[in-house]
Amino acid sequence: MTKLRVIAPSNIALIKYMGKSDFSANLPANPSISMTLEGLCTEIEVEVDERSLYDRLESHPGISSSGVDRFLKHIERVRQGVQKIFPFYDLKQSLRRGGLVIRSSNTFPDSAGIASSASSFAALTLAVAALCAHDLEKFKKIYLDKKGLQEDLARLSRQGSGSSCRSFGGPWVFWCDEDVEPVLSHLPELVDFVLVVSESKKNVSSSEAHRRILTSPLWGGRSERASARADRLRSALVSGDYFLVSQIAWEESWEMHSLFHTSDPPFTYWQPSTLDILNFFMNEFSSQNRPIVTLDAGPNVHVLVPSVEELKWFELFRKKFPDIKILKSKQGLGARIESE
Ligand code: PMV
């Protein structure tokens, strides 16, 4: 076995990972909860090139040279990491016979301004780990049995990109410190609309944001507030209370962006259209009927609505914001091996 294909989804957090307790290990300052996005995936094909000793990235949309270094460093991290993980599952490592060739693409428009580090690092971690296994069929079976291997790989992936650890499960995933686990939800099936305000690269990277928010006067107590909100969100998901989930997500999204706006120096991802959209949800809805609205570290607005109401919302967004591109994604499951 020298070639395989992996698909990993992105995710949207309702309780945000923002701020770290350990910068080198990417451990978060607070728990986070996300929904996995089936329609916003990274697909990675990985192959062993027996004529080369070096790993290389043959294609990856919009990646910078520092991004390539981060990717290559992560491949090595996974190779080292599986040496510790595999023995727990009685998996043997295949003997290395060449360098890895990675080809990567996204199932959503590359320039849509949607963070793809979660999906790309999850895909890379799974692809490299699977290719390191001597017996791929056995690896796949253990991975699907969900008895710890997914969690172990999620931990490894987290060290490359924090939020990628939540892309190993779904639809709802909780991440706290080293642990990543499923969250029970009785909400109806949801779709996520992304109102794409801007497709350009962000001016402050999320790595920089994680550091800069430590200077905000609102940083004090953030970890406690986010933890308490994560507890409330878990209960609201279990009880299937959509409008309570919406209220909690609204508070959390504003809190994360308030951290950005009050950092020293302050920064914002918002653009005039971001505010138009937020004003629309503020003025035309109340906490009793507002859909779930949240923003990542970017200008684009995510709106999570029940699948059965998808058409109604799409038509409303089209009418209110005719110039805004809209992406749609169903809720989904975690990273998977697609084929050989
Ligand atoms: O995984 P990172 O380091 O790119 O951090 C991303 C953090 C947010 O996307 C802003 C929030 C989250 O929890 O996904």
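Numbering of ligands and ligand atoms starts at 1, following listing order.
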### Where ligand 1 meets S163 - atom numbers and elements under 4.0 angstrom, heavy-atom basis
1 (O), 2 (P), 14 (O)

### Task
Nearest 0.5 Å please: distance from the OG atom of S329 over to the CG atom of L304.
9.0 Å

### Task
Within a distance under 4.0 Å of any heavy atom of A297, pick out the atoms of ligand 1 and give their elements.
10 (C)

#### Entry: Distance-only side-chain donor-acceptor flag, H302 / T294, under 3.5 Å
no

### Proximal atoms of ligand 1 relative to S161 (non-hydrogen, under 4.0 Å)
1 (O)

#### Entry: No-hydrogen, no-angle side-chain donor-acceptor test under 3.5 Å, S263 and S216
no

### Query
For ligand 1, which atoms, with element, lie under 4.0 Å from some heavy atom of A13?
12 (C), 13 (O), 14 (O)

### Query
Out of Y17, F260, F121, whose heavy atom is nearest to atom 7 (C) of ligand 1?
Y17

### Contacting atoms of ligand 1, where contact means under 4.0 angstrom from a heavy atom of G162
1 (O)

### Task
Report, in ascending order of atom number, the atoms of ligand 1 lying under 4.0 Å from any heavy atom of D296.
8 (C), 9 (O), 10 (C), 11 (C)

## Note on the structure
side chain to side chain contact (heavy atoms under 4.5 Å, CB included) test vs L136 passes for just one of H134, K138, K140, namely K140

### Query
Do the side-chain N and O atoms of S161 and S117 include a donor-acceptor pair separated by under 3.5 angstrom?
yes

### Query
Applying a strict 4.0 Å limit to heavy atoms, is S32 in contact with ligand 1?
no

### Query
Quick one: do the S120 and T42 side chains pair a donor with an acceptor below 3.5 Å?
no

### Query
Centroid-to-centroid, F260 to H257, below 6.0 Å?
yes

### Message
Taking 4.0 angstrom as the limit and counting only heavy atoms of H210, give me the atoms of ligand 1 inside it, by number and element.
### Response
2 (P), 3 (O), 5 (O)

### Query
At a 4.0 Å threshold, what atoms of ligand 1 neighbour a non-hydrogen atom of K16?
13 (O)

### Task
Please indicate whether any nitrogen or oxygen in N11 is less than 3.5 Å from any nitrogen or oxygen in ligand 1.
no

### Message
Can you confirm whether or not the ring centre of F139 sits under 6.0 Å from the ring centre of Y89?
### Response
no

